[in-house]
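Before any comments, here is the structure.
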Amino acid sequence: MNKKIVIRTLEKIALYLELKGENPFKVSAFRKAANALELDERSLEEIDDFTKIKGIGKGTGAVIEELIQTGESQQLIELEKQIPKGLIPLLKIPGLGGKKLAKLYQELGVSSREALKEACESKKVRSLPGFGPKTEEKILKELEQFGERTGRLPIWYLESVVREINQLLASIEEIERYSVAGSFRRVNETSKDLDFVIATKSPEKVREQLLFELTIKEIVSSGDTKVSVVLDLDELVNVDFRLVANEEFITTLHHFTGSKDHNVRMRQLAKEQGKKISEYGVEQPDGQILTFHSEKEFFALFGLPYIPPTVRETGQELDRLNEIKELVTIEDIKADLHMHTTYSDGAHSVAEMGEALISKGYHFGVITDHSQYLKVANGLTPERLKKQREEIEAFNEAHPDFTLFSGTEMDILPDGSLDYDDDVLKNLDFVIASIHSSFSQPQEKIMERLFAAIQHPYVHMIAHPTGRIIGEREGYNPNVEQLIHWAKEYGKILELNASPYRLDLCIEHLKLAMELGVPIAINTDAHAIEQLDYMEIGTKYAQKAWLKKELVVNTWSVEQFKNFIRKNK
DNA sequence: GCCGTTTTCGGCCCGACTGTTTTCAGTCG
């Protein structure tokens, strides 16, 4: 039995119980059990007693055992008999939850989109208790937009939306401070919506200006403390603004940064200490409400270190507090090892990129333009590469406290050969190998190409190992586990490409690389000076994998780095 | 349904908003 199937079955049972209008705590018990099983790192075979896992008890444990023994769950089969499948997608309609759908089904026999539409149009819905004409209208409107509703949007798209909204918020006088919150602040790859927390003394004025300035398709709700809109951009984007008093800002920010599971753990911990957390402050045992100047202060009240938003996910971060100080942060970063200049497809010159690195406070960097195969990117011939090297050496002479290394991002060609000969490569300080072509080759062939590169004595690093673009394309589907093992065996670096389009390697693979002690370089792959800022997203993303700074090549001193690249020649 | 060094029963995170009510249920995050 596949663990994923067991987890999905428990979630399915929860869904059906919800549709029956069951006790919400019972419903969430099944969800919690599914979640607990998912968070447990062990495989089904390795777990001997499921009820020993917190969140799994007699009932849910029996379902799991039954699934393993027989491959099915009688409880689910019973539920499927009682409740038509057509109801499940209706749960996605905003405003309709289990209780209301249960009523619609039991009273009106509604079990499909068509039946629901028909019931609304014939005005039968408004006669049910708890329903009215407005609900009817709202359901009809939602049914029309069904499917057209926005799904999850990728971080690279939301990043530009957030930047624009931040600019707007900065321009509104009545706003004392503001911050993006939600899953975007936690640096998730995709988000369902954007959340902003705003501190102000004049919520009504701020609300007015927001509704006036933003490109709004629909106002979802607009109350004293919450404004919720759908923005009419290239993609429809749901955005929630929370308007609070300045002293409540920190607790509100913490609350709406989430995750839900993190908040639940925090509130449980508070309760154990006789305290109560809400958006508006922390209530002490004596009834006094405390507010905070920073999240650091907030966590300190509970005896916790500052927990960065990036790791506030499963709630288990509260069990890994001593690892937090080892996490890589932007302050630890001393270098960027992958960037492009006007020699290939970059926007700025060697000297401009070098100066930009120095102004970031870095100690060293590597210029890595494309190799000759990539004609569309104006890849460098060995002659141009040599000329660039001279430019780099001149830059170094003028900047004695900084080291710019001469490198390349060399293509691994479709036939598995490398784009430069050894006598070209041996004159470079740092050699990145990567795939930019023939993505659809069978995995076997892709792995041959990667192997040719990773075992090559002059190659130091594999860049963006899967070639994925978040939400756009899968990449070339390599066997990443194998690749990580090769990196270990041949002592090579793997990249975490910090571009929000890529974030490649992903969290799961970064975890494996860390387990094996494979060094990771967080690189921006900048094609212009501004993109060097991607380093921030990259380090935050690395935190999500609990990446320790010592394994991150960019935190090394220039001597450590020199040692490493020499060793590989 | 799950959980428990104060509890084997009575809680389960907490609050806003909407649309329904005429004080609150359902939904959402």
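Convention: sequence-line order gives letters A, B, ...; per-chain numbering from 1.
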Output a table of nitrogen or oxygen pairs between the protein and nucleotides 18-23 of chain B separated by less than 3.5 Å.
residue: B/dT18; atom: OP1; partner: A/Ser222; partner atom: N; Å: 3.1
residue: B/dG19; atom: O3'; partner: A/Thr135; partner atom: OG1; Å: 3.2
residue: B/dT20; atom: OP1; partner: A/Gly132; partner atom: N; Å: 2.5
residue: B/dT20; atom: OP1; partner: A/Gly132; partner atom: O; Å: 3.0
residue: B/dT20; atom: OP1; partner: A/Pro133; partner atom: N; Å: 3.4
residue: B/dT20; atom: OP1; partner: A/Thr135; partner atom: N; Å: 3.3
residue: B/dT20; atom: OP1; partner: A/Thr135; partner atom: OG1; Å: 2.6

Enumerate all atom pairs, one protein N or O and one N or O from nucleotides 25-29 of chain B, separated by less than 3.5 Å.
residue: B/dT27; atom: OP1; partner: A/Gly97; partner atom: N; Å: 2.7
residue: B/dT27; atom: OP1; partner: A/Gly97; partner atom: O; Å: 3.1
residue: B/dT27; atom: OP1; partner: A/Lys100; partner atom: N; Å: 2.9
residue: B/dT27; atom: OP2; partner: A/Lys99; partner atom: N; Å: 3.4
residue: B/dC28; atom: OP1; partner: A/Gly95; partner atom: N; Å: 2.9
residue: B/dG29; atom: OP1; partner: A/Lys192; partner atom: NZ; Å: 3.2

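Looking at A/Asp525 and A/Ser499, their side chains never bring a donor and an acceptor atom within 3.5 Å of each other. Remark: the A/Gln209 side chain and the A/Glu174 side chain contain an N/O donor-acceptor pair separated by less than 3.5 Å. Looking only at atom types and distance, the side chain of A/Gln75 has no donor-acceptor partner in the side chain of A/Ser73 under 3.5 Å away. Side chains of A/Thr252 and A/Arg242: no donor on one and acceptor on the other come within 3.5 Å.
Comparing the P positions of B/dG19 and B/dC13 gives an interatomic distance of 28 Å, to the nearest angstrom. Across the P atoms, B/dT27 and B/dT21 are found 15 Å apart, a figure rounded to whole Å. B/dG29 and B/dT23: their P atoms are spaced 29 Å apart (whole Å).
The CD atom of A/Glu272 sits 12 Å away from the P atom of B/dC13 (whole-angstrom rounding). In this structure, CD of A/Glu11 is placed 16 Å from C1' of B/dG1, rounded to the nearest angstrom. Per the geometry, NE2 belonging to A/His262 stands 15 Å off P belonging to B/dC14, to the nearest Å. Nucleotide B/dG15 holds its P atom 18 Å from the CG atom of A/Leu253, rounded to whole Å.
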N/O donor to acceptor pairs below 3.5 angstrom from side-chain atoms of residues 325-332 of chain A, sequence neighbours left out:
residue: A/Lys325; atom: NZ; partner: A/Asn322; partner atom: O; Å: 3.2
residue: A/Thr329; atom: OG1; partner: A/Glu331; partner atom: N; Å: 3.4
residue: A/Thr329; atom: OG1; partner: A/Glu331; partner atom: OE1; Å: 3.2
residue: A/Thr329; atom: OG1; partner: A/Asp332; partner atom: OD2; Å: 3.1
residue: A/Asp332; atom: OD2; partner: A/Thr329; partner atom: N; Å: 2.8
residue: A/Asp332; atom: OD2; partner: A/Lys549; partner atom: NZ; Å: 3.3

Under 3.5 Å, which donor-acceptor pairs link side chains of residues 47-61 of chain A to any protein atom two or more places apart or in another chain?
residue: A/Asp49; atom: OD1; partner: A/Thr51; partner atom: N; Å: 3.1
residue: A/Asp49; atom: OD1; partner: A/Thr51; partner atom: OG1; Å: 2.7
residue: A/Thr60; atom: OG1; partner: A/Gly57; partner atom: N; Å: 3.2

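Applying the ring pair (Phe, Tyr, Trp, His ring centres under 6.0 Å) definition to pairs two or more places apart or across chains, those involving residues 165-201 of chain A are A/Phe196-A/Phe241.
Across the strands present, B/dT8 finds no partner; the criterion is a Watson-Crick or G-U wobble pair with both atom distances under 3.5 angstrom.
Residues A/Glu78 and A/Lys81 are paired through a salt bridge, judged by an N-O separation under 4.0 Å between the basic side chain and the carboxylate. Taking a cutoff of 4.0 Å between a charged side-chain nitrogen and a carboxylate oxygen, A/Glu283 and A/Lys271 do not qualify as a salt bridge.
Residue A/Tyr280 places none of its side-chain N or O atoms closer than 4.0 Å to OP1 or OP2 of B/dC14. In terms of phosphate contacts, A/Thr225 brings a side-chain nitrogen or oxygen within less than 4.0 Å of OP1 or OP2 of B/dC17.
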Across nucleotides 2-12 of chain B, 5' to 3', mark each nucleotide with B, S or - according to how protein heavy atoms within less than 4.0 Å reach it. SS--------B
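Within residues 296-320 of chain A, no residue has any heavy atom closer than 4.0 Å to DNA chain B. Of the residues in residues 71-80 of chain A, not one places a heavy atom less than 4.0 Å from an atom of DNA chain B.
In this structure, A/His262 has its ring center no closer than 6.0 Å to that of A/His255.
Listed here is the closest heavy atom pair of A/Val27 and A/Ala14: CG1-O, 3.5 Å.
The salt bridge (charged side-chain N to carboxylate O under 4.0 Å, His left out) check on A/Glu136 picks up A/Arg126, with sequence neighbours excluded. Evaluation of the ring pair (Phe, Tyr, Trp, His ring centres under 6.0 Å) rule for A/Trp156 yields A/Tyr501 as partners, not counting sequence neighbours. Taking the salt bridge (charged side-chain N to carboxylate O under 4.0 Å, His left out) definition, one finds that A/Arg207 meets it with nothing, sequence neighbours left out. Partners of A/Phe302 by ring pair (Phe, Tyr, Trp, His ring centres under 6.0 Å), not counting sequence neighbours, listed by chain and number: A/Phe298.
Under a 3.5 Å cut-off, the side chain of A/Arg312 and the backbone N or O of A/Ile307 do form a donor-acceptor pair.
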